[in-house]
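Just so it is clear: chains get the letters A, B, ... in the order the sequence lines come, proteins before strands, and each one is counted from 1. Everything numeric in this text was worked out from a predicted model, so none of it was measured.
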Amino acid sequence: MAERCRICGEPATHSLGSYQFCDRHYERAQRQRGSLWRADLISVVALIAFVVIVYALDAALNPKLSGSALIVFGLIAALVPAAIWLVFFYRRDRLEPEPKGMVIGVFVIGALVAAAVGIPLVEDWFDVGSWLNLNLLTQIAGNVLVVGFVQMTLVYLAVRLSVYQSSEFDEWTDGILYGTAAGLGFATVLNIDFIAGSGGADLGLGTIRVALTALVLASLGGLVGYFLGHDRLEVRPVWYVPAGVALAAVLDGLYWFLRSSLTGGFATTGIPSNWIGLILAVILAVAVTWFLSNAVTRELRRVVKSGPSAQGDVL
Amino acid sequence: MTAQARPALIDWRRAWTDDARQLVAVLLVAALAIVIGYGVKTYSQSQTRTVTAGNVTAQIPTTWIFQPGVQDLLFTAVDPRNPGQRYSVSRPSAGGNDVNAVADATAAAKSQLLSEFGVLRRDATTVNGTSAPSVTYTYVTTRNGQLPQVIEGRDVFIKGSGGILVVTFESPSRSFDNALSTFERFAASVRG
């Protein structure tokens with residue numbers, strides 16, 4: 001029986017490990033999407049600029065927003081990180097763009113799973129507010145095992161059960177792209193929930209909260225997506241994707257633990273405590289982007305070096 | 001093996017691909033983590049001790065610090081990891097046995113003592129299945145050598161056998177909401 005391409009089902013002409021590919025998808029499986037890294041890093045810079053501008057305007061003008069006006073501003077602010085990332089990504093991905101509907105669809109699925117499962121599970125069923133801060137053990141274990149694993153597993157499922165089987169999911173960086181979109185969708189709903197739940201956050205502080213949540217979940221969603229993308233194009237050990245989700249969950253939990261510890265009212269770093277969470281989020285986002293960029297480059301170099309002679313033509 | 005069962009087994013083997021194995025493995029790892037997380041939650045919530053002041057008792061986590069009070073204030077409990085947050089129980093002498101009168105008197109007294117005091121809202125909450133008046137307020141601390149800090153507080157007024165008990169939670173405003181469920185559990189444990 002003729003081998004079929006893993007992505008599109010057409011007759012296969014090449015193989016990567018145990019998986020077979022047609023000419024088109026073999027070429028795409030070895031392509032690096034440089035626009036993604038640039039969009040990620042520019043989005044981080046643009047988001048910081050957005051926070052600084054809103055914070056400065058809030059301090060200078062001291063606007064007296066209240067009630068519905070404050071909630072409306074907060075909801076707009078909650079959508080800004082996703083809008084910034086999408087704009088920069090599509091501006092830099094004009095050569096062979098991913099379908100906009102697909103990326104926005106995964107963003108919406110990430111938002112829906114956060115609203116339908118993530119928030120009810122963590123805040124209502126686990127009621128983390130009542131026990132998370134009891135002591136150091138509960139802070140670390142609760143943030144990693146409950147908050148981190150729930151968020152990252154749902155981001156994983158948002159990608160895995162939607163676009164993963166699609167023929168559009170055919171490049172190493174596609175997992176990172178769709179993971180980032182799912183993470184941003186998740187973060188957007190968390191931010192809307194926070195703003196609605198607090199009756200409209202303070203302008204400056206609310207914007208910081210929105211930005212750091214988006215940075216953390218988008219970058220760690222990208223990390224989960226990297227492992228998914230790798231698994232899509234090469235046969236990996238059974239522990240590979242679970243290890244990726246666990247790594248992202250641990251980083252996610254440790255971030256929220258550090259943020260609450262360093263901004264919990266007795267910060268002695270000399271930096272205003274409200275900004276510490278954002279600084280940590282920027283460090284995490286840049287480090288994850290740098291790691292992913294290097295990891296994809298290294299893996300693609302390995303694939304190209306092994307070449308058709310090593311991997312073997314099917315025909 | 002029957003003829004019908006054989007195709008089903010083949011279908012199952014086809015479906016059990018590398019992708020399916022990874023999906024099941026992720027779900028197993030996540031389920032394990034969440035079960036352990038639930039165990040941590042259950043264990044941490046069981047680690048409480050009973051504190052007593054007069055004939056009033058309450059359950060607080062073993063790691064919290066208990067401080068007996070004087071006059072109307074029966075005791076205060078503080079979580080050392082969140083030293084700005086204070087949980088207390090008092091039995092005010094003013095106001096008699098009418099919870100609404102005690103709520104009015106308590107708010108009036110605090111407005112005289114606390115800087116920039118203001119009532120944010122007054123409503124009812126449910127403690128152990130019983131409706132109890134609740135007053136949420138704010139004020140600004142002005143301690144020497146420290147920056148002013150906005151404090152948010154909530155008084156819940158419950159009927160005790162020896163009079164009205166005021167169960168109070170105060171916290172820096174930014175962390176107030178996060179600790180409300182802890183306060184609700186504390187308030188539900190107060191007896192006397």
Side-chain angles (χ1 to χ4, degrees), chain A residues 18-19 121 123 125-150 152-154 156-157 160-161 164-165 194 197-198 202 205 224 227-228 231-232 235-246 249 260-261 263-266 273-274, chain B residues 16-48 60-64 79-85 120-121 136 147 149-152 171-186 188:
Chain A
S18 303
Y19 289 149
L121 191 58
E123 292 187 3
W125 199 73
F126 270 103
D127 190 18
V128 291
S130 69
W131 59 275
L132 201 63
N133 292 319
L134 288 179
N135 56 51
L136 190 63
L137 168 73
T138 59
Q139 276 197 315
I140 295 175
N143 274 305
V144 171
L145 296 171
V146 177
V147 179
F149 266 94
V150 167
M152 290 303 116
T153 303
L154 290 175
Y156 162 82
L157 290 174
R160 175 64 181 80
L161 300 181
Y164 181 80
Q165 297 291 358
F194 164 72
S198 57
D202 172 271
L205 298 182
V224 170
F227 287 89
L228 260 174
D231 184 54
R232 174 77 165 142
V235 174
R236 307 302 304 160
V238 71
W239 51 262
Y240 187 74
V241 180
V245 174
S260 66
S261 297
T263 61
F266 49 98
S273 62
N274 299 321
Chain B
W16 190 240
T17 59
D18 174 59
D19 289 338
R21 279 194 294 272
Q22 298 275 4
L23 174 62
V24 171
V26 169
L27 293 176
L28 285 175
V29 169
L32 180 65
I34 288 169
V35 166
I36 297 172
Y38 189 78
V40 172
K41 175 198 173 191
T42 307
Y43 174 78
S44 66
Q45 289 186 330
S46 68
Q47 299 300 296
T48 58
I60 62 172
T62 51
T63 54
W64 286 17
D79 175 4
R81 291 194 58 79
N82 296 291
Q85 297 179 343
L120 295 175
R121 60 185 168 276
T136 305
L147 288 171
Q149 194 173 28
V150 178
I151 302 294
E152 203 166 336
S171 164
S173 185
R174 68 169 177 276
S175 55
F176 179 79
D177 287 340
N178 290 340
L180 276 181
S181 51
T182 305
F183 172 59
E184 284 168 9
R185 286 182 353 102
F186 171 72

If you count heavy-atom pairs within less than 4.5 Å of chain B, which of Gly244(A), Pro242(A), Gly148(A) leads?
Pro242(A)

Chi angles and distances behind the side-chain contact (heavy atoms from CB on, under 4.5 Å) call for Glu152(B), Ser171(B):
CA-CA 6 Å; Glu152(B) 203 166 336; Ser171(B) 164; 5.9 Å; no

One option among Arg232(A), Gln165(A), Arg236(A) has the most heavy-atom pairs under 4.5 Å with chain B, and it is Arg236(A)

Ranking Phe126(A), Trp239(A), Trp125(A), Tyr240(A) by heavy-atom pairs under 4.5 Å to chain B gives rank one to Phe126(A)

Residues forming a salt bridge (Lys or Arg N to Asp or Glu O under 4.0 Å) with Asp231(A), sequence neighbours excluded
none

Who pairs with Ala33(B) by side-chain contact (heavy atoms from CB on, under 4.5 Å), at least two apart in sequence or on another chain?
Leu145(A), Phe149(A)

Can you find a pair of side-chain heavy atoms, one from Leu161(A) and one from Leu23(B), that are under 4.5 Å apart?
yes

Side chains of Gln47(B) and Pro61(B): closer than 4.5 Å at any heavy-atom pair?
no

Which region of Thr138(A), side chain (C-beta onward) or backbone (N, CA, C, O), has a non-hydrogen atom less than 4.5 Å from a non-hydrogen atom of chain B, or is it both or neither?
both

Please look at Val245(A) and chain B and tell me whether the side chain, the backbone, both or neither of the residue comes under 4.5 angstrom of a heavy atom of that chain.
side chain

Look at Thr63(B), Asp19(B), Ile36(B) and state which one has the largest set of heavy-atom pairs under 4.5 Å with chain A.
Asp19(B)

Side-chain heavy-atom pair Tyr156(A), Tyr164(A) within 4.5 angstrom cut-off
no

Bottom line for Asp79(B): the part with an atom under 4.5 Å from chain A's heavy atoms is side chain

pair Trp64(B)-Thr48(B): side-chain heavy atoms closer than 4.5 Å
no

Residue Val146(A) versus chain B: region with a heavy atom under 4.5 Å
side chain

Mark yes or no for whether Gln22(B), through its side chain, and Pro237(A), through its backbone, hold a donor-acceptor pair below 3.5 Å.
yes

Contact class of Leu157(A) relative to chain B, heavy atoms under 4.5 angstrom
side chain

Which region of Leu180(B), side chain (C-beta onward) or backbone (N, CA, C, O), has a non-hydrogen atom less than 4.5 Å from a non-hydrogen atom of chain A, or is it both or neither?
neither

At a heavy-atom separation under 4.5 Å, does Ser44(B) approach chain A through its side chain, its backbone, both, or neither?
both

